[in-house]
Amino acid sequence: MTITSPHLGSPSSTWTDARLLHALEEVVETELNRHLKVAKDWMPHEYVPWSDARNFPGFFEDGEAWGKEQSKVTEIGRIALVVNLLTEDNLPSYHHEIASLFGRDGAWGTWVHRWTAEEGRHGIVMRDYLLASRAVDPDKLEAFRMVHMSEGFESDNRHSMLHSVAYVAFQELATRVSHRNTGHQSGDPVCDRMLARIATDENLHMVFYRNLLKAAFELAPDLTMQAVRDVIVNFRMPGHGMPGFERAAAQMAIGEVYNMRIHHDDVLQPVLRHLKVLEIDGLGPEGLKAQEELGMYMGGLDAEALKFDEKLAARKARMAARAKA
């Protein structure tokens, strides 16, 4: 893909993915070294309540069939845990995409593999927890995994390295927030502790990409602004293709795990404020247009989130009234 900045004169006026990758290599190396200093290794098996585990039916004569009553996890916690785990399960597809975009050499390649290794822990610990604690139906979970992984994953931003960097800067924070809120709503302190550990990783990943996005703004402000606008306006979580995602997403919204208000206040706004995206000046015509459109979109999203807040409050009031009746 070739992208052009009206700000930069020849021969730097034309940017390709390859040139952008090369230009950002030093920043990636700096951020990688910073990440490795602050990231802490942890053992997935230490977060799993193995003493709660028992055999399932199949090869074991003493196997016990799964039932909802066997777990303390709430219904909304169960729904969100499945969505979060199936999202993590598609790690091979994510690795393929970022390895194809960022390459396997130098600092970029080292980051790609390190990120993949860290993300791999998340799927390991979540699945072990779900099975040991009997939080979800294991047969349905495996059936969903097979369907979701068999279909694979293709990012909406696979056409552009810059769009991909912008997307993950927000998506990593969205994943952190989703995991953290799932833990809070799960009803199980063990689950909450596990997801808090995962969320810590996701936050560090967000910081890596957010700092890389900052460097991209300094390098090619107009192009980066356009990429951020495109990503935010068309944002979708990576699990959107999984079985029953739309219904699960609606339940997670009502359950206050992830909804428009959370997306606006806890995901988009923190990154935009940190980078002062809507305050950047000196943009060319296309960059300025993208900035204005982004500001208008954020205002519209806030208004839609307010409507959702009002509906959610009304729903809570109705449920409270019924409980008293």
Residue set satisfying salt bridge (Lys or Arg N to Asp or Glu O under 4.0 Å) with Glu31, at least two apart, ordered chain then number -> Arg34

Go through the steps for Lys307 and Glu310 under the test salt bridge (charged side-chain N to carboxylate O under 4.0 Å, His left out), then give the verdict. CA-CA 5 Å; Lys307 293 179 183 177; Glu310 293 169 349; over 6 Å; no

Test ring-ring contact (aromatic ring centres under 6.0 Å, His included) applied to Phe170 - qualifying residues, sequence neighbours left out: none

Does some side-chain heavy atom of Met298 sit less than 4.5 Å from a side-chain heavy atom of His264? yes

Partners of Ala303 by side chain to side chain contact (heavy atoms under 4.5 Å, CB included), sequence neighbours excluded? none

Under the salt bridge (charged side-chain N to carboxylate O under 4.0 Å, His left out) definition, can you give me all pairs with a residue in residues 199-212, not counting sequence neighbours? Arg197-Asp201

According to ring-ring contact (aromatic ring centres under 6.0 Å, His included), who are the partners of Tyr47, at least two apart in sequence or on a separate chain? Trp42

If we ignore angles and hydrogens, is there a donor and acceptor under 3.5 Å between the side chains of His263 and Gln269? no

Summary of side-chain hydrogen bond (donor to acceptor under 3.5 Å, both in side chains) pairs that have at least one residue in residues 312-325, sequence neighbours excluded: Glu256-Lys316

Apply side chain to side chain contact (heavy atoms under 4.5 Å, CB included) to Ala39 and list each qualifying residue two or more places apart in sequence or on a separate chain. His35, Arg114, Glu118, Leu204

Across all chains, not counting sequence neighbours, the ring-ring contact (aromatic ring centres under 6.0 Å, His included) partners of Trp66 are none

Which residues satisfy the side chain to side chain donor-acceptor pair (under 3.5 Å) test with Arg145, sequence neighbours excluded? Glu142

Qualifying residues under salt bridge (Lys or Arg N to Asp or Glu O under 4.0 Å), relative to Glu151, sequence neighbours excluded: none

side-chain hydrogen bond (donor to acceptor under 3.5 Å, both in side chains) pairs touching residues 125-139, sequence neighbours excluded, are Gln70-Arg134, Asp89-Arg127, Tyr129-Asp188

For Phe102, ring-ring contact (aromatic ring centres under 6.0 Å, His included) partners two or more places apart: Trp108

